[in-house]
Visitor: 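Starting off with a structure, shown below.
Bear in mind that the values here come from a model prediction, so they are computed numbers and not experimental data.
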Amino acid sequence: MTTTCATGVHSDHDVYAAQCPCRAMLNLLANKWSALAIGAMEDGPQRFSRLQDRLQGVSAKVLTQTLRRLEDAGLVERTVYPEIPPHVEYALTPLGSGAAVPLRALRAWVEDNLDRTAAGCAD
């Protein structure tokens, strides 16, 4: 599906086109840690340590990189509270909340259908 670029920066948006900037956003959202981090923030702002606890298996380095990429894309907002020690929270922006909807459906589909896939049948 091709759509017209609302900002006029590009002629149109087509994720199937090799040079379309949509691919960078698709790559970000299709990333396992991005999808899980967005899901973890659906219930409200989260501290880094809480996100790392929730996303079992993610390293601090990878979580930091993921949160920075989500922030750079405008999906996550980082708020630093001037306390000692510093208190930092991450929260979804309205754009991030919009992205959370299809990602939530994808995570639910995976949980509901894993046993029907070849990956779910592996020993």
Visitor: Nearest 0.5 Å, what's the CG-CG distance between Leu28 and Leu26?
Guide: 9.5 Å

Visitor: Considering non-hydrogen atoms only, spot the tightest contact between Leu103 and Ile38 and give its length.
Guide: CD1-CD1, 3.7 Å

Visitor: Drop me the distance from Leu67's CG to Glu77's CD, to the nearest 0.5 angstrom.
Guide: 13.0 Å

Visitor: Assess whether side-chain contact (heavy atoms from CB on, under 4.5 Å) is satisfied between Leu92 and Val76, documenting all intermediate values.
Guide: CA-CA 4 Å; Leu92 295 176; Val76 168; 4.2 Å; yes

Visitor: Taking all heavy atoms of Cys20 and all of Asp14, pick out the closest pair and write down the distance.
Guide: CB-O, 3.1 Å

Visitor: Locate the shortest heavy-atom distance separating Gln52 from Ala60; write the atom from each residue and the value.
Guide: NE2-N, 3.2 Å

Visitor: Any chance you could measure Leu29, atom CG, to Arg69, atom CZ, to the nearest 0.5 Å?
Guide: 9.5 Å

Visitor: State the CG-CE distance between Leu70 and Met41, to the nearest 0.5 angstrom.
Guide: 6.0 Å

Visitor: Report yes or no: do Met25 and Leu95 belong to one cluster of Ile/Leu/Val/Met/Phe/Trp/Tyr joined by side chain heavy-atom distances under 4.5 Å?
Guide: yes

Visitor: Please, which pairs that meet side chain to side chain donor-acceptor pair (under 3.5 Å) have at least one residue in residues 17-43, sequence neighbours excluded?
Guide: Glu42-Arg104, Glu42-Arg107

Visitor: Working to the nearest 0.5 angstrom, can you tell me the gap between Thr66 OG1 and Tyr90 OH?
Guide: 11.0 Å

Visitor: In Å and rounded to the nearest 0.5 Å, what is the CZ to CG distance from Arg116 to Leu114?
Guide: 11.0 Å

